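Only a predicted model underlies this, so the values are computations on that prediction, with no experimental measurement involved.
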Amino acid sequence: MKPDEKMMARLKPGCICKGVKLIALIEAIENGATSFAEVAAITNIGDGSCGGKRCGRKVAELLGEDMPDDFLAP
């Protein structure tokens, strides 16, 4: 990730419901998280008012995966 992209990730939301920045999701993945459940455990996302649908999409995108239409956070 380029330095400019990292700076922008510090400003962008990763989980609106829980107030977690995008950089936290990226760092969790950089530190070895390989699934939504692992990212959620590290960053405390996924159990907000949307049930993880918004942040789940972001995590899936960061992991290079498709998010199922019927996705529900654990």
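Residues passing the salt bridge (Lys or Arg N to Asp or Glu O under 4.0 Å) test with Glu30 are Lys6, sequence neighbours excluded. With sequence neighbours left out, Glu5 forms a side-chain contact (heavy atoms from CB on, under 4.5 Å) with Met1, Lys2. The side-chain contact (heavy atoms from CB on, under 4.5 Å) search around Ala28 returns Ala33, Val39, Ile42, Thr43, not counting sequence neighbours.
Looking at Ile45 and Phe36, their side chains come closer than 4.5 Å, going by heavy atoms from C-beta outward. By the 4.5 Å heavy-atom criterion applied to side chains, Ile29 and Thr34 are not counted as neighbours.
Looking at every heavy atom in both residues, Lys58 comes nearest to Gly14 through CD-O, 3.5 Å. The two residues Cys17 and Gly48 come nearest to each other via the heavy atoms CB-CA, 3.7 Å.
Listed by first then second residue, pairs satisfying salt bridge (Lys or Arg N to Asp or Glu O under 4.0 Å) with a partner in residues 7-29 read Lys18-Asp47, not counting sequence neighbours. Sorted by first and then second residue, the salt bridge (Lys or Arg N to Asp or Glu O under 4.0 Å) pairs involving residues 37-46 (not counting sequence neighbours) form an empty list.
Although no hydrogens or angles enter the test, the distance criterion places no donor-acceptor pair under 3.5 Å between the side chain of Arg54 and the main chain of Cys50.
Considering SG of Cys15 and CG of Leu25, their distance stands at 7.5 Å, rounded to 0.5 Å.
Leu63 and Ile23 are members of different hydrophobic clusters when ILVMFWY side chains are connected at heavy-atom separations under 4.5 Å.
Think of Leu11 as one node in a network of Ile, Leu, Val, Met, Phe, Trp and Tyr side chains linked at under 4.5 Å; its network also takes in Met8.
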